[in-house]
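Structure, as structure tokens:
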Amino acid sequence: MSSIPWQDRPENSNDVMWRYSENPIIDRYAIPSSNSIFNSAVVPFEDGFAGVFRCDNKAVQMNIFAGFSKDGINWEINHEPIVMQSGNTEMIESAYKYDPRVVFIEDRYWITWCNGYNGPTIGIGYTFDFVEFFQCENAFLPFNRNGVLFPQKINGKYAMLSRPSDNGHTPFGDIWISYSPDMKYWGEHRLVMKPSPFEQSAWQCTKVGAGPIPILTDEGWLMIYHGVINTCNGFRYAMGSALLDVDSPDQVKYRTQPYLLGPAEIYEMVGDVPNVVFPCAALHDTKEDKLAVYYGAADTAVAIAFGKLSEVIQFTKDNSL
């Protein structure tokens with residue numbers, strides 16, 4: 001695997017996570033048709049990296065596009081959206097696709113996204129090469145968002161986090177986990193995490209949603225997530241972390257009271273949707289103790305932040321609700 005993107009912590013910074021100095025790494029106009037490129041997923045692939053990117057076009061139609069990179073920073077994104085073939089179903093209707101996640105499980109790369117089928121639900125597909133893509137049955141009924149698969153089976157079953165919602169800009173949202181024997185039929189739905197009380201941690205008091213693929217650590221599953229507060233100027237999205245029990249991930253062991261990263265730079269505060277840090281992908285190197293989180297900035301561009309994996313875990317434990 002290629003080395004993950006990395007930049008050392010800036011001098012005079014004590015932050016547990018810090019931004020790449022050349023952010024954003026993908027501009028809103030990186031392909032000819034795009035109005036914005038954000039909330040996208042990245043995985044190691046061959047001698048570099050591959051990704052599935054949310055690209056809204058200039059009619060603001062939402063779709064997902066494949067892309068490739070040697071270093072995880074400089075990307076070549078296909079100019080045409082992914083075309084799906086039938087996977088485990090003939091029903092591959094989709095009015096829109098957005099906010100993808102990607103994970104390698106067993107023998108293929110699985111993609112989840114918010115799929116438009118009579119409202120937002122969780123679409124599932126897979127690819128072996130990021131050239132041909134196969135769409136499967138939607139995981140859940142509408143309305144749902146933020147479908148995030150675990151990178152391995154748990155107690156013999158596939159596991160997915162999601163956030164049941166409604167058909168609009170949902171003013172609520174909890175994180176749930178569901179299980180499947182075959183990536184087609186899903187059940188055993190269990191609540192994982194609710195928004196926090198305003199008085200305890202206001203940045204995540206309106207809704208929460210899973211972000212990148214959870215990372216298996218000695219302390220549990222590290223789940224990077226977004227939290228939202230509804231301010232007088234609208235929703236504000238920031239990034240937090242939690243540690244879930246390895247065998248029963250519906251059990252939260254620790255959860256950050258302060259956020260890891262909140263909108264503070266101009267590219268996070270100004271854009272199509274202001275004040276948004278929305279994590280969707282993470283690369284990690286346990287041996288090197290490195291973590292790189294890709295996030296959507298202001299629903300407009302893609303940025304990246306870094307941290308020491310051990311420090312993020314310790315911060316989560318030391319600053320838990």
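Taking CD from E93 and CG from N118, the interatomic distance works out to 6.5 Å, rounded to the nearest 0.5 Å. Note that the OG atom of S320 and the CZ atom of F315 stand 10.5 Å from one another [nearest 0.5 Å]. Here OG of S196 is found 8.5 Å from CD of Q257. Values are rounded to the nearest 0.5 Å. Y158 contributes atom OH, which lies 5.5 Å from atom CE of M183 (distance to the nearest 0.5 angstrom). Note: I92 CD1 to N138 CG = 11.0 Å, rounded to the nearest 0.5 Å. Residue C280 holds its SG atom at 8.5 Å from NE2 of H226, rounded to the nearest 0.5 Å.
More than 12 non-hydrogen atoms from other residues, nucleotides or ligands lie less than 6.0 angstrom from NZ of K184. By the neighbour-count criterion of 12 heavy atoms within 6.0 Å, atom CG of D107 is densely surrounded, having more than that number from other residues, nucleotides or ligands. Heavy atoms from other residues, nucleotides or ligands lying under 6.0 Å from CD of E188 number more than 12. At most 12 non-hydrogen atoms from other residues, nucleotides or ligands lie less than 6.0 angstrom from CG of D218. Heavy-atom neighbours of Q85 CD from other residues, nucleotides or ligands within 6.0 Å: above the threshold of 12. Taking a 6.0 Å sphere around NZ of K194, one finds it holds 12 or fewer heavy atoms contributed by other residues, nucleotides or ligands. In F143, the CZ atom is crowded: over 12 heavy atoms of neighbouring residues, nucleotides or ligands sit closer than 6.0 Å. Open room surrounds CD on E90; 12 or fewer heavy atoms of other groups in view lie less than 6.0 Å from it.
Side-chain heavy-atom separations under 4.5 angstrom define the hydrophobic clusters, and the remaining members of the one that includes Y98 are M62, Y96. Residue V276 belongs to a hydrophobic cluster whose other members are V228, F235, Y237, V273, F278, with links defined by side-chain heavy atoms closer than 4.5 Å.
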K153/E106 under side chain to side chain contact (heavy atoms under 4.5 Å, CB included): CA gap, chis, key distance, verdict = CA-CA 9 Å; K153 289 181 178 178; E106 296 171 335; 3.3 Å; yes
Side chain to side chain contact (heavy atoms under 4.5 Å, CB included) between Y267 and R19, intermediate numbers included | CA-CA 12 Å; Y267 55 85; R19 296 166 176 83; 3.3 Å; yes
Apply the test side chain to side chain contact (heavy atoms under 4.5 Å, CB included) to residues T127 and D129: give CA-CA distance (whole Å), side-chain angles for both, the deciding distance (0.1 Å), then the verdict.
-> CA-CA 6 Å; T127 183; D129 55 11; 3.4 Å; yes
Could you walk me through whether I73 and E22 pass the side chain to side chain contact (heavy atoms under 4.5 Å, CB included) test, one step at a time?
-> CA-CA 10 Å; I73 296 288; E22 302 299 317; over 6 Å; no
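Using a 3.5 Å distance cut-off with no hydrogens or angles, the side chains of N35 and D272 do pair a donor with an acceptor. S248 and D250 share no donor-acceptor pair across their side chains, judged by distance under 3.5 Å alone. For the residue pair S310/D289, the side-chain donor-acceptor check at 3.5 Å is satisfied. The closest side-chain donor-acceptor pair between N319 and T256, if any, does not fall under 3.5 angstrom.
Taking all atoms of both residues into account, the shortest heavy-atom contact from V293 to P212 is CG1-CG, 4.4 Å. In this structure, A292 and P5 approach most closely via the heavy-atom pair CB-O, 3.8 Å. Nearest heavy-atom pair, N144 versus P164, reported as atom, atom and distance to 0.1 Å: OD1-N, 3.4 Å. The two residues N63 and D56 make their nearest non-hydrogen contact at N-OD1, 4.5 Å. Shortest non-hydrogen contact noted between L261 and A305 is CD2-CB, 3.9 Å. The nearest pair of heavy atoms linking V252 to V192 is CG2-O, 3.3 Å.
Following chains of ILVMFWY side-chain contacts shorter than 4.5 Å, one can reach I177 starting from V208, so the two form part of one hydrophobic cluster. Using a 4.5 Å cut-off between side-chain heavy atoms of Ile, Leu, Val, Met, Phe, Trp and Tyr, with links allowed through other members, V42 and I31 fall into the same hydrophobic cluster.
Side-chain atoms of S34 come within 3.5 Å of backbone N or O of R28 as a donor-acceptor pair. Not a single donor-acceptor pair under 3.5 Å links the side chain of N23 to the backbone N or O of A303. Panel note: side chain E268, backbone E265; a donor-acceptor pair is recorded below 3.5 Å. Using a distance-only test at 3.5 Å, with no hydrogens or angles considered, no donor-acceptor pair links the side chain of T316 to the main chain of Y254. Panel note: side chain W221, backbone V246; a donor-acceptor pair is recorded below 3.5 Å. Distance alone, capped at 3.5 Å, places no donor-acceptor pair between the N78 side chain and the E80 backbone. In this structure, the side chain of Y294 engages the main chain of G72 through a donor-acceptor pair within 3.5 Å. Judged by distance alone, with hydrogens and angles left aside, the side-chain atoms of T112 form a donor-acceptor pair with the main-chain N or O of G147 at under 3.5 Å. Between the R145 side chain and the D166 main chain, a donor and an acceptor come within less than 3.5 Å of each other. Side-chain N or O atoms of R9 include one that pairs as donor or acceptor with a backbone N or O of D15 at under 3.5 Å.
By the 4.5 Å heavy-atom criterion applied to side chains, I105 and F150 are not counted as neighbours. The shortest side-chain heavy-atom distance between E137 and D182 does not fall under the 4.5 Å cut-off. At least one side-chain heavy atom of R101 sits under 4.5 Å from a side-chain heavy atom of I213. Between M160 and I124, some side-chain heavy-atom pair lies under the 4.5 Å cut-off. Side-chain contact between K97 and I82: absent, with no pair of heavy atoms (C-beta onward) separated by less than 4.5 Å. No side-chain heavy atom of L309 sits under 4.5 Å from any side-chain heavy atom of E288. Between L191 and D174 the shortest side-chain heavy-atom distance falls below 4.5 Å. Between P195 and Q204, the closest side-chain pair of non-hydrogen atoms is not below 4.5 Å.
Cation-pi contact between K207 and F172: absent, since separation from the ring centre below 6.0 Å together with deviation from the ring axis within 45° is not met.
For residues 62-95, every residue pair satisfying the ring pair (Phe, Tyr, Trp, His ring centres under 6.0 Å) rule, not counting sequence neighbours, is listed here: F53-W75.
By the side chain to side chain donor-acceptor pair (under 3.5 Å) test, Q251 is found to be paired with no residue, residues two or more places apart in sequence or in another chain being considered. Residues satisfying the ring-ring contact (aromatic ring centres under 6.0 Å, His included) test with Y126, not counting sequence neighbours, are W110, F128, F134. Looking at residues two or more places apart in sequence or on another chain, you find a ring-ring contact (aromatic ring centres under 6.0 Å, His included) between F104 and Y109.
Of the charged side-chain nitrogens involved, at least one lies within less than 4.0 Å of a carboxylate oxygen, so that R54 and D99 count as a salt-bridged pair.
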